[in-house]
There are 4 protein chains.
Amino acid sequence: MFILKKDFMKKPDKRDVILQSALRLLAEQGFHGAPMARIAEHAEVGTGTIYRYFENRDVLILAVHRMIRDELTAILLAHYPKEQSVKACFFHIGHCIIDYFIQNPLKFQYNEQFFNSPYSNEIRRNELTKATGQQDLFQELYRKGLADHIIKTMPMVIFFDLAFAPIVWAVRDHHLGFVVIDKAISNTIVSACWDSIKRYP
Amino acid sequence: MFILKKDFMKKPDKRDVILQSALRLLAEQGFHGAPMARIAEHAEVGTGTIYRYFENRDVLILAVHRMIRDELTAILLAHYPKEQSVKACFFHIGHCIIDYFIQNPLKFQYNEQFFNSPYSNEIRRNELTKATGQQDLFQELYRKGLADHIIKTMPMVIFFDLAFAPIVWAVRDHHLGFVVIDKAISNTIVSACWDSIKRYP
Amino acid sequence: MFILKKDFMKKPDKRDVILQSALRLLAEQGFHGAPMARIAEHAEVGTGTIYRYFENRDVLILAVHRMIRDELTAILLAHYPKEQSVKACFFHIGHCIIDYFIQNPLKFQYNEQFFNSPYSNEIRRNELTKATGQQDLFQELYRKGLADHIIKTMPMVIFFDLAFAPIVWAVRDHHLGFVVIDKAISNTIVSACWDSIKRYP
Amino acid sequence: MFILKKDFMKKPDKRDVILQSALRLLAEQGFHGAPMARIAEHAEVGTGTIYRYFENRDVLILAVHRMIRDELTAILLAHYPKEQSVKACFFHIGHCIIDYFIQNPLKFQYNEQFFNSPYSNEIRRNELTKATGQQDLFQELYRKGLADHIIKTMPMVIFFDLAFAPIVWAVRDHHLGFVVIDKAISNTIVSACWDSIKRYP
DNA sequence: GATGAATGAGCGTTCATTCAT
DNA sequence: GATGAATGAACGCTCATTCAT
């Protein structure tokens with residue numbers, strides 16, 4: 001029975017080890033500086049093993065992206081102030097994103113690369129239709145904000161761009177060493193974004 | 001007559017043909033989907049010919065970037081309302097950028113890829129110190145805005161992020177077909193960006 | 001039975017096949033007439049396979065050289081008349097070298113090319129300090145000859161040149177068809193070399 | 001008339017400038033490290049110009065070799081002690097060769113490379129039949145030495161190898177910095193070579 | 001005659017993917 | 001299931017040679 005339990009628990013989930021190695025190496029070395037062989041080596045598995053878990057390189061790259069996206073979604077949802085104001089929800093999201101990507105440089109850099117590669121466009125197209133948890137959140141925020149006349153009238157994607165583009169760029173500047181985002185700056189940014197979308201009083 | 005002859009015979013500058021081919025292929029196929037041989041073929045020159053004009057691939061990629069940057073800088077400066085308000089200057093810049101990149105999809109896509117590649121970081125670092133015409137403009141805007149108490153207190157890079165990140169993301173959405181940026185939407189975006197940086201009345 | 005199986009299955013060591021192909025093609029076509037692709041083809045492996053065994057072209061070229069050098073060293077040492085006179089030792093070495101390179105034209109031609117290439121100088125410099133088995137032999141011969149007043153007073157490299165240069169040149173002439181080195185001529189050469197280094201009676 | 005003279009004298013002989021540039025660059029950078037374009041640049045002529053004077057790269061390489069060979073031949077003949085003993089003639093040749101190649105490192109290095117390249121074999125074969133001035137000298141020395149019973153009985157090429165191989169190797173060691181050939185060492189070498197070929201007293 | 005821009009075959013090397021063990 | 005040796009197409013780049021001017 002112990003043995004059974006051991007067997008059941010033993011795998012340190014090879015798939016996950018590969019995913020983590022891919023995250024690190026692709027983020028650090030760039031999408032075109034991390035060969036499959038190196039990812040395998042870092043994960044301490046055979047090269048061929050990767051192909052048991054991921055059909056090919058593209059699938060692996062997509063999988064890492066999904067891992068990050070799902071993790072962030074979970075964080076956003078964890079303490080989501082569903083019952084509070086649109087503004088409160090927006091600030092929650094803004095600060096969560098900043099904190100998450102400041103604390104996870106690799107994941108940020110990965111995403112940055114991902115969104116500027118052939119992979120992302122298809123993804124993005126899908127996400128606008130087949131909503132994930134994250135998209136659900138954003139769309140709901142947008143709809144509620146519009147319905148309550150709290151945000152300006154504008155297409156949803158524009159709302160999205162105004163709300164989050166500066167946050168992402170600022171985090172990039174932080175990781176590049178151009179600025180240090182502390183709590184104060186973080187507030188400045190999220191507040192300013194809010195100013196850009198909120199309807200005039 | 002000599003001048004006529006010169007004008008008549010002026011070669012369709014091979015360097016420029018290569019630059020245009022590189023722009024198109026690198027933008028369309030991605031930085032890693034456009035081999036030198038294909039760029040040469042598209043430019044209707046021999047592979048080796050590229051290397052007469054550009055020391056290597058990296059130099060070519062940088063040269064295309066500079067071409068775009070310089071072109072945009074020229075447009076920004078052409079009718080720059082130097083004597084007018086910070087707000088007027090900001091709106092000028094914002095609209096110029098949107099118009100330019102809406103009208104030049106390839107150049108936009110090229111820049112997008114460029115800024116997420118190893119090339120850009122060095123460039124960016126340089127540009128923050130050794131200012132180009134464009135940077136001059138932005139920095140002056142920031143300084144004047146701060147000095148006149150027109151914009152909120154914040155580091156320059158954050159100012160830059162708030163001001164331009166949504167514009168860039170919106171143009172991307174336009175080219176991806178997620179939204180059509182017409183004059184009205186363009187105004188919405190630039191105004192919203194202005195709201196995010198301007199000091200409260 | 002296990003041993004039998006092992007022996008039976010032992011693979012025809014791919015590294016060695018590559019080494020032999022490199023030896024043949026580099027010797028026959030010249031260092032600059034034998035592309036990696038042709039070496040691979042001759043070895044009946046994929047081009048990339050070479051790079052599993054040899055980091056790059058230079059390493060392969062050095063490896064072939066080492067193979068030859070080590071083989072010759074082994075032959076020299078096999079029946080080395082350690083206890084006999086300096087003269088006996090010298091004749092042993094001289095005849096071994098002639099015999100070895102007469103019987104192994106490819107290895108001779110390879111070495112000839114090797115020693116006139118950028119590779120060799122570094123090697124040679126190293127070998128003069130960090131002695132290999134072969135160098136050990138030569139140096140010992142020189143020291144003993146000097147100590148016993150059997151050879152003329154001269155720097156070691158000059159001793160080396162007098163002793164072996166004619167041998168190498170003669171073998172080259174043999175392979176070029178300018179002379180046939182039989183036992184008698186072989187003796188003539190080694191004796192003459194001995195005359196050039198031995199102290200007058 | 002002055003003009004005529006000027007015209008007649010004016011060309012700094014482009015062919016010769018090319019030859020000198022080829023000598024220097026091929027010797028210094030190696031036969032495979034000196035492209036035609038670089039040779040042309042060094043000679044301050046257009047790339048294509050080389051092809052007016054030399055049909056192709058191989059012809060240029062052969063021409064440089066011939067230049068060196070003819071120069072050395074002239075030196076050997078200049079003060080050749082035709083009327084004196086075989087030994088005197090041999091010493092003359094030996095010392096001339098050493099001096100010439102010690103004083104002309106580029107020419108020595110060029111020759112070294114030349115003799116270990118596909119070019120040389122054909123040359124050598126020709127030279128053994130169609131005698132140049134140099135070969136004439138050597139052959140005469142050999143024949144006279146044999147006829148007068150001054151040198152040992154051996155084929156001519158072996159005679160040649162014994163007589164000159166150590167000299168060439170020693171000069172190489174000199175240029176590589178392994179030994180400094182001064183007058184004393186020079187004598188040691190030539191004397192030793194003489195010992196190797198001279199008949200026992 | 002002299003030029004040097006243009007060419008493109010050819011090189012060394014990499015790496016996603018397969019498959020025998 | 002796991003492995004990693006093997007593959008070969010593809011890449012960036014070089015350079016001997018040509019030829020329009």
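Chain letters run A, B, ... following the sequence lines, proteins first, then strands; residues in each count from 1.
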Roughly, in whole Å, what's the span from CD in E41(D) to P in dT14(F)?
15 Å

Whole angstroms only, please: what is the CG-P distance between L26(D) and dA16(F)?
10 Å

Please report, rounded to the nearest Å, how far the P atom of dT7(F) is from the CD atom of E44(C).
10 Å

List for me each residue that meets side chain to side chain contact (heavy atoms under 4.5 Å, CB included) alongside H42(A), sequence neighbours excluded, and say none if there are none.
S21(A), R24(A), L25(A)

Separation of dT18(E) atom C1' from I50(A) atom CD1, nearest Å, is 14 Å

Once the angle between the rings of H32(A) and H32(B) is folded into 0 to 90°, is it parallel (under 30°), tilted (30 to 60°) or perpendicular (over 60°)?
parallel

How far apart are the closest heavy atoms of S117(A) and F31(A), and which atoms are they?
OG-CE2, 4.3 Å

Write down the distance between CG (L25(B)) and P (dC11(F)), rounded to a whole number of angstrom.
12 Å

How is the base pairing of DNA chain F summarised as a dot-bracket string, given the Watson-Crick and G-U wobble criteria with both distances under 3.5 Å, [ ] for crossing and | for another strand?
.||||||||||||||||||||

Expressed in angstrom and rounded to an integer, what is the separation of F54(D) atom CZ from dG1(E) atom P?
14 Å

Does the plane of the ring in H65(D) sit parallel, tilted or perpendicular to the ring in F114(D)? Use 30° and 60° as the thresholds.
parallel

Within the 4.5 Å heavy-atom criterion, are I68(A) and L23(A) side-chain neighbours or not?
yes

In 5'-to-3' order, the base (B), backbone-only (S) or no-contact (-) status of each nucleotide in nucleotides 10-17 of chain E, using a 4.0 angstrom heavy-atom cut-off, is -SSBBSSB

Is K14(C) close enough to dA6(F) that one of its side-chain N or O atoms is under 4.0 Å from OP1 or OP2 there?
yes

Which part of the nucleic acid, if any, lies within contact of Y53(B), taking any heavy atom under 4.0 Å across all strands shown: a base, the sugar-phosphate backbone alone, or nothing?
sugar-phosphate

For E55(A), look at atom CD and say whether over 12 heavy atoms of other residues, nucleotides or ligands are found less than 6.0 Å away.
no

For atom CZ of R52(B) and atom C1' of dT14(F), their distance in whole Å:
12 Å

Residues which pass side chain to side chain contact (heavy atoms under 4.5 Å, CB included) with N104(B), listed by chain and number, not counting sequence neighbours:
Y100(B), K107(B)

Of all residues at least two apart in sequence or in a different chain, which pass the side chain to side chain contact (heavy atoms under 4.5 Å, CB included) check with Y51(B)?
M36(B)

The side chain to side chain contact (heavy atoms under 4.5 Å, CB included) partners of E44(B) (sequence neighbours excluded) come to none

When the distance from CD1 of I61(B) to C1' of dC13(F) is rounded to whole Å, what number comes out?
14 Å

